[in-house]
Amino acid sequence: MQHLIEDEWLWGWDPTPGIVSVWADVDGEATVWRRPPETGVLVREAVRFRPWLLIDNIDDLPEGDVTWRELDGPGALRFHVSADTGKALTAAVLHSASTRSGRRVERLSELDKSSVLSLPPEEQYLVASGRAYFRDLTFDQLHRLQFDLETTGLDPRRHRIFMVAVRDPAGEVEILEAASADNAGEAELIRRLVAKVQAADPDVIENHNLHGFDLPFLERRAKQLRVPLALGRIGSPGLRQRAARRGTVSDYDADRRVRFVIPGRELIDTLDAVRRFDFAARELPGHGLKAVARHFGLAGPERELIRGDQIHDVYQRDPERVRRYARADVEEAAGVARVLGGAAFALARMAPRRYERLADAGAATGVIDPLLVRAYLRSGQALPAHQDGDGTVHQGAALHLFATGVAHRIVKADVASLYPSLMRAFRIGPARDRLGALLALVDGLVEKRLAAKASAKLAPAGSAERYTHEAMSAAMKLVVNSAYGYLAAGDGLTRFADVHAANEVTRRGRETLDFMCRELANRGVQLIEADTDGVYFAVPESWTEADERRVVSEVAALLPARVHLEFEGRYAAMLSHEPKNYALLHYDGTLALKGVAFRSSRAEPFGEAFLRRAIERLLVGDIRGVREAYLDTVFAIRRRSLPTYDVSSRVRVTKTAETYMAVRESRRELTYEALLASGRRTWSLGERVRVYRTASGAGVVPDPDDEAITPTGDALVDRRDYDINHYVRVLHDTFASRLERAFTSEDFSVVFADPQQPSLFAPGLDDVKPRLFTMR
DNA sequence: TTGTCGCGGGG
DNA sequence: GTGTACGCGACAA
C-alpha cells in the first residue's frame, strides 16, 4: 500500500500515454498533444481543468464561483481554492487579501510567497490531473527538429541572418540562404524557415545555445523586418516569453531575464544538457558545440571548422564551406541532444512540469519541489510556506591532507552518493516534511534506479530500450544527489529547506570520513588525502591487490547499512602536492594530473610538457630522468630550439584599444603590448590571443585552435625572439616548483640546479631520493 | 600576494 | 514569476 502511494508521488497517477506537449491558459483551457505509442501519429486534444491555488487565509473570500477546501496538517498553505476560470479565482483571492489588509491588492505577485502558491497553468493542470509527459514513449519516437542560424555577427541590432541550417525529424538537412544581403532577402529567409518548421511540425526544437542565441536573434530580426514568427502549433504568431534566471535580458525591461516559449512545441537547449551533465561528470574540455561533439565522438574527421568571426567573410569567398559547416552544426546538435537529452526526458515522465522546463531547471527547485507539491496535494496535506533560516550557519565537508610528496601502491576508496546514503541510513529529512515525502522519494528513486540499471544491462546495446533505461537511471541519480542540496539551500530558496538537517548530514559525513581514515590507518596503510567522501592511501610493499581490496571491505563492513564504501581504483604512484592537487600514475603507465597546480589553461605548452615528463620520471623513481627533463628544457629555451608557440600563453582580451592606450603609460600589460607589437591597432573584446614575452617587449603567435584560417606569410616565419632568461625563470619558479614536495630542500636544489652555475659542493644525483612527508 | 567578481555560449 | 556549483581568470586592494 505504502509503495502505491509513493509511486503516485513519483510518477503521478493518470496513465494517459504519449503526451508530447501541453499548453494551457489561466482560464482552464488546456491543449494536449499526444503521440499514442502504437501509432506515433500526433493527436491534439482540448481539455478543461479547474484553475486552483493554495493560500494561507480565506477570510472575506466572496461566495459564488469559487470553491475551497481546507487541507490537513499544520502547513501554512492550507486552503485549496479553485474556480471555473482563472479570472474569477484571482479576483476572489485579491478581494479577500484587499479586505484583510485594508489596501488594494491588484496582483497575486504582490502577495508574499509564504502566503500563496500559484503555479503556471500547465503545472496546475499536470499536478491536478496526475498526468505527466512521455508515458510509454521512447526518446526516438519524439519528432525533433534542429535549426541553426548563421549570421554576420553576434548583435541582432546590427547584424543579419544570412543562412539557416534545418534538420527535420527524418534527419534530412536543408540549407536555407538569403537571396540578397538586404532586408528583403533576410525577411524572405525567415519566412522560409517558418514555413519549413510548420511543414515538419516537430514536437521539439533543439539547438546548442538555442535560448541564448538563435531564438533571441531570430525574434529581434523578425520584429525589425515585420515578419510574423508563426512557429507554434496554435495561437497567434509571435514568440511568448517566460521569466527565467538564465534567459537573456528582455527587450522591454532590462531587469527581467526571459526565455522564449512557443505553444505546442518544446524548446530544448543542448547547452543546458551539457552543463547539467558536466556538473556531475566534470570531464568536458569546454561546453561549446564543437568540443562536446568531438568528445562524444559525434564529429566526423572532415568536420568543417570556421572561426566565429570569419564565418561571414568565408561565406562571401567560399559559400560551400559555410554550408558544410552549418550542416555539421545541426547534425551535431541533434547528436548531442540524443546523447545527453535522455535525463530531462526521463524527468518529464516524473515531475509535473513541461519537458522544456525540466530541461533547464535546477534539480532541487526545478524537480524536487514540484514532486513534493504534488505529493502533498495528493495526500490532502497543507504545504508549509517558504521560511528564512534562523541564522544557523551551514557546515561543510571534511578535507584532510595527511602526507605530501611521493608514495607508491595507492588505493582510492570512496562512498557512493554519500549524502543521500546518510539521509536514508539515519532518516535525516526536513523537519517540516511531516509526510516524510522527501525521504520517501529518495528511497523510491534509489530502488528504482537499481531496477533501471539492471533493465539497461538486459536490453541490447544501442537499443532504444537500453537508452531509455540508462537515461532514467541518470535522471534518478541527478534527483537523488540533489536531495541534499535541496535541504541545504539557503535564503528560504526551497520550501522544505532545513539547515539543521543539512548540518546533520554533513556532520555524519565528516564522522564517516574520519572513521574510515582511522580504521584504515589501524590496518597498516599510510593515509595521503581524504576529501568529503573518499580517501587516498598507500599500502605496504608486500601487499597484493587482494590485500588492498580486503582492507576496503573490512572497513566497509563497519559502516552503517546503505552507506557503501567502494574500492574505486589503484595506482602505481602518487605525487601529493596540496589538498585537491596531485598526480597519479596508473599501472598502465598513464599519468593523470589533478587540480589547479597541475593544469591551467594559461600554462605555457613547454611548461606543461616538462611537468608531465618530469612527474612521470619522478613517479617511477628515475631522478636522473627528472634532471634530464629539466636540462633539456633549459637548453631548448637557451638554444631557441623551442618554437615560440611553446612559450606562449592564451589570454583573453578585456580592454579596448582606446581604454588601454589611455592607461598604457602608467601600467603596461603583456597582452596589449603584444597586440601592438604585432601591428594591430584595434581588436575586439573577448578575443583570445597567444602572447609571449621578448627581451624588449612582447609578441603574438597564431593559435592552431583558431586556424581554420590560412596563416598569413608573416605568421609562418617564427622569429623565436622570446626572452630566454624570463622563460628559464618561469620553468624553475612555476613548473619545477610543483615537484618541491617530493624532495628535501637540498635535494630539490640539486635536481633543479642551473646548469650554468654549477655548485662546487653539489652532492651527487645518486643520493637523491623522492620522499613522503607526513603531517605533524 | 590576497580577496571579490564574473564567466562559461552563440556569429 | 525566477533560483546549481565549481574552477578559473581578471582585477582591485
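Each chain gets a letter, A, B and so on, in the order the sequences are listed, and its residues count up from 1. In this text the structure is predicted, and so the values were computed from the model without any measurement.
Nucleotides B/dG8 and C/dA5 are separated by 12 Å at their C1' atoms, to the nearest Å. Between C/dT4 and B/dC7, the distance separating the two C1' atoms is 15 Å to the nearest Å. Taking the P atoms as reference points, C/dG9 lies 13 Å from B/dG9, given to the whole Å.
Residues forming a side chain to side chain donor-acceptor pair (under 3.5 Å) with A/Glu106 (at least two apart in sequence, or on another chain): A/Arg104. In this structure A/Arg259 satisfies the salt bridge (Lys or Arg N to Asp or Glu O under 4.0 Å) test together with A/Asp272, A/Asp360, sequence neighbours excluded. In terms of the salt bridge (Lys or Arg N to Asp or Glu O under 4.0 Å) criterion, residue partners of A/Arg158 (sequence neighbours excluded) are, by chain and number, A/Asp155. In this structure, the salt bridge (Lys or Arg N to Asp or Glu O under 4.0 Å) partners of A/Lys290, at least two apart in sequence or on a different chain, are A/Asp329. Residues satisfying the side chain to side chain donor-acceptor pair (under 3.5 Å) test with A/Gln224, not counting sequence neighbours, are none.
One interatomic measurement links the two molecules: CG of A/Asp369 to P of C/dT4, which rounds to 13 Å at whole-angstrom precision. The distance from atom CZ of A/Arg353 to atom C1' of C/dG1 is 10 Å, rounded to the nearest whole Å. In this structure, CZ of A/Phe277 is placed 16 Å from C1' of C/dA5, rounded to the nearest angstrom. Distance CG (A/Leu119) to C1' (C/dT2): 13 Å, rounded to an integer number of Å. The nearest whole Å value for the distance from the CG atom in A/Asp733 to the P atom in B/dT1 is 10 Å. Whole-Å rounding puts the A/Arg357 CZ to C/dG1 P distance at 12 Å. Atom-to-atom, CG of A/Asp272 to P of C/dG3 comes out at 10 Å; the value is rounded to the nearest Å.
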Report summary line: Protein-proximity profile, nucleotides 6-11 of chain B, B/S/- by nucleotide at the 4.0 Å heavy-atom cutoff, equals --SBBB
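In this structure, A/Arg354 and A/Trp23 have side chains that are in contact, with non-hydrogen atoms separated by less than 4.5 Å.
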